[in-house]
Amino acid sequence: MTQNHLYLVDGSGYIFRAYHQLPPLTNQHGQPVGAVYGYTTMLWKLAEELGKAEGPTHLAVVLDKGSHTFRNDMYDQYKANRPPAPEDLVPQFPMIRDATRAFSLPCIEEAGFEADDIIASYTQAAVRAGWHVTIVSSDKDLMQLIQPGVDMYDTMKNERRGADYVVGKFGVQPEQLGDVLALMGDSVDNVPGIPGIGPKTAAKLITEYGSLEAALEAAPAMKKSKMQENLIAHADMARLSRRLVALHDSMDLPEPLDDLTLKGIPKEPLQEFLSHHGFKTLLNRLGAPAAAAPAAATATASATAAPAAPAPAEEPAIDRSLYETVVTEEALDRWIAAAYAEGLVAVDTETDMLDAVSCQLVGISLATGPNKACYIPVGHGGTDMFAERPEQLDKALVIAKLKPLLEDDSILKIGQNLKYDLTVLRRHGIEIAPYDDTIVMSFDLDAGQSLAGHGMDEAAKTHLNHTCISFKEVVGTGKSQISFAEVPLPRATEYAAEDADVTLRLWKRFKTRIANEGANRVYELVDRPLVSVIAGMEHQGIKVDREALSRLSAEFTAGIAALETEIHEIAGQPFAIGSTQQLGAILFDKLGYKGGKKGKSGAYSTDVTILEQLKAQGAPIADKVLEWRQLSKLKSTYTDALQAQINKDTGRVHTSYSLTGAQTGRLSSTDPNLQNIPIRTEVGRQIRHAFVAEQGNVILAADYSQIELRLAAHMADVPALKDAFANGEDIHAATAMQLFGEVNRDTRGRAKTINFAILYGISRWGLAGRLEISADEAQDMISRYYERFPGISIYINETIEKARERGYTETLFGRKTWFPRIKASVQHERQGAERAAINAPIQGTSADIIKRAMARMGPALEAAGLPNVKMLLQVHDELVFELPEGDVDAASAVIRQVMETAAEPIVKLSVPLGVEIGTGPSWGAAH
DNA sequence: ACCCTCACG
DNA sequence: GACGTACGTGAGGGTA
C-alpha cells in the first residue's frame, strides 16, 4: 500500500497573492475574476498531480472564516491596521468557494480560527497518523510546520520547499522560525516584534542564543547598543508576538482525516464553472466542446419580454403546509444548524407596525431551501392585559441564538427589502452581514421593465408564477385591521414563512441573472453596500425644531387668511381658492381674463405659468393667488406635516429612502419626503432653518457642484466643457462665451437654460418656451450648441440608437435602465422615452457616484478617528451630516476627499468632481 | 383613484 | 397637418 499524502491548500492566502500578481481579468459578465482565474489554475495544477508519486491521496482547501479569532482576544491590535480588501477582490471571495465546489474538493473553515491554525492542526494529525503532508502555500508563518514528512508547495513558482529553504531564507531551522518571526514582527498582521530588528538580526540572535527566551534573558549582559536597549524595553512585546505567531495545532478537526480522500474529479460541474467564466484555455484542456455559456439566452433579451429565469430544475412548488412554527429551543437549534449546513438563509422580520424605528418585533421567519421555511414567533398576543399569549420562545433567547448566525461572515443572509429588517434587528443588537437583498437585485436587473414590480408579491407573480398571501388578507383593512401580533400562529406562519421561502427562491433566480446579465458591477460596487448605510441613516434621523415650525405655521395661517379675504373681495364672492375648478371659473368666466382650456379633462389650467401671464396682463388677483398657494403649500406640506412626523421616541424625523423608487438609480424619500424641503424662495427657506443640530453639534452640507454637467462633458467627450471644468471656470459663463461671444447676465442665463435642456433631451419648442423666443430661433441656438460642442449631438444620437437596439441605457457603472416605450408607435410616447433615455445615463451615473461616496463615508470617517460624524440625509447631489463642532475641519477634509474620488478606481473621469461644503447650526444655515 | 399643482435635484 | 412640448421624484387638496 502506498503512503497517504495529504495536500492542505491555503485558499485564503492564495487568493490575495493571485490578485496582486495577475492582471485584472474580467469575465464576459463584467465580473472581476483575475484572482479566481489564478485560483482555478492552481487547483488545476494540483488536480494534475493526482496519481503521481508525489501527488495527493487526500486534499482539503482551507479558508478563513470570519475576522475575529482568539488572536484578537490576545491582542486587540492584531491585524488592526490591515487595509480593507480591494473593491474588485471582494466579490471574488464567494467565487473561490464556487471554484472549489466545481472541482468537487472538500472545503474547510472554522469560526474563531485562522486558516493557518486549521492547517497546523491537520498537519500534526496527519503526521501522527504517519502520513505525508504538503502545504500548498507560500506563507512564511506556515513554514514553521515544515518537518520530516511535511513540505510546502508554491504553485506560482512551481517550487517545493523543505527545511533547506527556511534555512536559506531565514537562517534558522523551521522549529526556530517562530522565534525569528516574533522578533521581526509583521507590519501587515500588526504583530509588534521589536523595533529595529529585521530578519537578519533576528536570525543572528536566535542562532547565537538558541531561542527567543534565551536571547531576551541574555539582553542585559549584551554589549550596549540601540538593539540591546530595545530588546530590554520591548521584551514583553516580543513575548506577545511569539504567542501571536504560534500556530494553534490541536483544534478538533471539523472533518476527520479519512473524509478528505480524493475520489477523482467529475467533469460536469467543472465544465459548467469554466464556461460560465469563459476560462477557455482550461475548458479546452478539459477536452470539452466549447459549451455555450448560460448567458447566451439573456444577451438578446428584448425590451418588452417578461424578465424571467427558468426555475432551478429540482425546485418543488410552494407548499405552505410544510412550514414549521418554531416554539422550542430544540427546533430553533435545528433551523440554525440547517442554515449553517446550507451556508445561507433567507430572513424576514414581522413587526406590529411599518415604522422600523419604533415598531415591536413580533416574529422572525427563516428559509434554508424550497419549502424549508419556519416562523419563530416572539411577540404574539398580549396586546391588551387580558389577551392570552400563545406559547412561544422568549424574545431575548431567540435573539441571542440567532445573533451568531446572522453576523457570521460565512453565512449569507438573504432578505427582501432588508433595509427594514436591518434596522429592526440593529435595535436588538444584531448587525446582519453579509447579505443580499432581492429587491435591490430585482431593481439592478429590471429597472424600467414595465412587467417587473420589485416588491415581493409582484416579483413572486412575475418570476415564480405564484400568488403570495397578501398582508391585507392576514390583518384585514380599515377599522377592523389588526396588528400582526394578534394574528393566530398557524396563519402567521403561513404568511411569514412563505415570505422567506419566496425570497430564497427569487434570490436563486436573480443571483444567476446578475452574473449572466452584467449587473454584477452595479450590484456589488454600488447598490448592495448601500443597503446597510441607508438603514443607518434612517435610524439616525434628523432633529427638527418643533417650536420653529409651529411659529411658521401660525405666520402662514395669518397670511393665508388675509390673502383669502383680499382674493374673495377681488372676485366679488367667496370660493375655494384651492379648487382649480372654481378658480378657473372665477378667472376666465367671471372676470373674463384670456387663458383658455387645456387637457382632455377640459378644465382650465391655472398653474404658475398661467398665473404669471395673468399678472403680466395686469390682473391683481393672480399675484394674490400665487402668494396664497405658496403659503398653503408650505403650511400643509411642510410646517404642519413635519411636526406630525417627529418621532415620539427619538424626537427626530426619520425619512424612509427607497432604493428602487427612481428608474435612473436615484434614491427617493418618503414619509416624509426630505428631498424636497424648500430652498429656492426666502419664505420657504425658513423651513430649512428648522432642521437643526443637537447642542454642541453643527450641520454640515456637502454638495457636488454641477455634477451632471461634468458627467455630460465626460460622457459626451466635449473638450471645451472639460477644459472649462478643469480650469474651475463658471460653466454657464463659459457656455455663454462659446454661444454668444460675450458674457452678461442675459447670455449667461440663456446659456444655463440650454445647458440644462441638453441634460434633459432638448426640443426646439421646449427651449423656445423657456427662453420666450420662436422655435426657429431656438433651433438656431441648438444647432450652434452642437457645432461648438460636437460630442453632444453624437452622444445623443448614439444613446437613442443603443436604447432602441438593446432596450436599455447604461451608466458608467453598468446600471441598466430599460425603455420599453422607445419602440412605441405613438410618436410622443416614443419621443418621451427618447428624452428619458438621453437623461438616464447622466442622472444615473451621478446617482452611482454619490451612492459610492455614501458607502465609503462611514469607514473613511471611522478610519480618520471621527466616529461622531453622522451622515443623515442624501438629496441627490448633496449629503447632510451632523457632527461635533470641533470635528468640522477634519470631517470636511474627509468628506470632500471621499466625494471627489467616489468614482475611482472603477471609473476614471476626465473631469474633476467639485464639492462645496458649508456648516451652521441648521440645514438652512449650512448652505 | 385620479388630476392638478408645486416642493426639490 | 396635428400633436404638445425638458429629466427624475413625492405630497396634499379637491373632485368624482
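Quick caveat, the model's predicted, so the values are computed rather than measured. Just so it is clear: chains get the letters A, B, ... in the order the sequence lines come, proteins before strands, and each one is counted from 1.
- If you measure from atom CG of A:Asp607 to atom C1' of B:dC4, you get 9 Å, rounded to the nearest angstrom.
- Among the heavy atoms of the strands lying under 4.0 Å from A:Gln581 are primed sugar atoms or P, OP1, OP2 only; no base atom is included.
- Contacts of A:Ala840 with the nucleic acid, taken as non-hydrogen atoms under 4.0 Å apart, are absent.
- Here the side chain of A:Arg688 is nearest to one of B:dC8, C:dA6, C:dG12, namely B:dC8.
- With C:dA6, C:dC7, B:dC8 as the candidates, the nucleotide lying closest to the side chain of A:Leu767 is C:dA6.
- Atom-to-atom, CD1 of A:Ile758 to P of C:dG8 comes out at 16 Å; the value is rounded to the nearest Å.
- You'll find the side chain of A:Tyr795 reaches within 4.5 Å of the side chain of A:Pro841, heavy atoms only.
- When the options A:Arg666, A:His876, A:Glu878 are evaluated for a side chain to side chain contact (heavy atoms under 4.5 Å, CB included) with A:Gln675, the one that passes is A:His876.
- At the heavy-atom level, A:Ser846 lies nowhere under 4.0 Å from the strands shown.
- Counting any heavy atom pair closer than 4.0 Å across all strands shown, A:Gln831 reaches no nucleic acid atom.
- Considering only the side chain of A:Tyr638, B:dA7 comes nearest among C:dC7, B:dA7, B:dT5.
- Comparing B:dC6, C:dG12, B:dG9 by their closest approach to the side chain of A:Arg629 singles out B:dC6.
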Would you list the atom pairs, donor with acceptor, under 3.5 Å between side chains in residues 554-565 of chain A and any protein atom, with sequence neighbours excluded?
{"residue": "A:Thr557", "atom": "OG1", "partner": "A:Ser553", "partner atom": "O", "Å": "2.7"}
{"residue": "A:Thr565", "atom": "OG1", "partner": "A:Ala561", "partner atom": "O", "Å": "2.9"}

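- One can place CZ of A:Arg830 at 15 Å from P of C:dG4, the figure rounded to the nearest angstrom.
- A:Arg835 comes within 4.0 angstrom of sugar-phosphate atoms only, judged by non-hydrogen atoms across all strands, and of no base.
- Counting heavy atoms from C-beta outward, A:Arg710 and A:Ser705 have side chains that approach closer than 4.5 Å.
- Which of C:dG10, B:dG9, B:dC6 sits closest to the side chain of A:Asn673 comes down to C:dG10.
- Spacing between atom NZ of A:Lys752 and atom P of C:dA6 amounts to 18 Å, rounded to whole angstrom units.
- Among the atoms of the strands shown, only primed sugar atoms or phosphate atoms (P, OP1, OP2) are found under 4.0 Å from some heavy atom of A:Ser668.
- Atom P of C:dG4 sits at a distance of 15 Å from the matching atom of B:dC3, rounded to the whole Å.
- Using a 4.0 Å heavy-atom distance criterion, A:Gln663 is classed as a sugar-phosphate-only contact.
- Going from the P atom of B:dC4 to that of C:dA6 covers 15 Å, rounded to whole Å.
- Nearest nucleotide to the A:Thr664 side chain, out of B:dC6, C:dG8, C:dG13: C:dG8.
- Remark: A:Ser579 is in phosphate contact with C:dT15, judged by side-chain N or O atoms under 4.0 Å from OP1 or OP2.
- Inter-residue side-chain proximity for A:Phe881 and A:Leu872 is flagged as unmet; no heavy-atom pair is nearer than 4.5 Å.
- Across all strands shown, A:Thr606 has heavy atoms under 4.0 Å from sugar-phosphate atoms exclusively, and none from any base.
- Among the heavy atoms of the strands lying under 4.0 Å from A:Gly578 are primed sugar atoms or P, OP1, OP2 only; no base atom is included.
- Residues A:Leu909 and A:Leu711 have side chains in contact (heavy-atom distance under 4.5 Å, counting atoms from C-beta outward).
- Base engagement by A:Thr753 is indicated by at least one non-hydrogen atom pair under 4.0 Å involving a base atom.
- The residue A:Ala757 sits close to a base: some heavy atom pair falls under 4.0 Å.
- An OP1 or OP2 oxygen of C:dT9 is reached within less than 4.0 angstrom by no side-chain nitrogen or oxygen of A:Gln843.
- If you measure from atom CD1 of A:Ile577 to atom C1' of C:dG12, you get 16 Å, rounded to the nearest angstrom.
- In this structure, A:Arg750 and A:Met781 have side chains that are in contact, with non-hydrogen atoms separated by less than 4.5 Å.
- Side-chain atoms of A:Arg680 come within donor-acceptor range of the base of B:dG9, with a qualifying N/O pair under 3.5 Å.
- Using a 4.0 Å cut-off, some side-chain N or O of A:Ser605 falls inside it from OP1 or OP2 of B:dT5.
- Counting to the nearest Å, the C1' atom of C:dC7 and the CZ atom of A:Arg821 are 15 Å from each other.
- Taking the side chain of A:Thr580 as heavy atoms from C-beta on, and the options B:dG9, B:dC4, C:dC7, the nearest nucleotide is B:dC4.
- In this structure, A:Gln827 places its CD atom 13 Å from P of C:dT5, rounding to the nearest Å.
- At whole-Å resolution of the value, CG in A:Asn676 and P in C:dC7 are 19 Å apart.
- Using a 4.5 Å heavy-atom threshold, the side chains of A:Tyr808 and A:Thr817 count as separate.
- Nucleic acid contact class of A:Leu667 (heavy atoms, under 4.0 Å, all strands): none.
- Separating the P atom of B:dT5 from that of C:dT5 is a span of 13 Å, rounded to the nearest Å.
- Between A:Arg764 and C:dT5 there is no side-chain polar atom (N or O) within less than 4.0 angstrom of OP1 or OP2.
- Backbone-only engagement by A:Ile677 is indicated by non-hydrogen atom pairs under 4.0 Å involving sugar-phosphate atoms exclusively.
- Nucleotide C:dC3 is matched to nothing when pairs are restricted to Watson-Crick or G-U wobble geometry with both distances under 3.5 angstrom.
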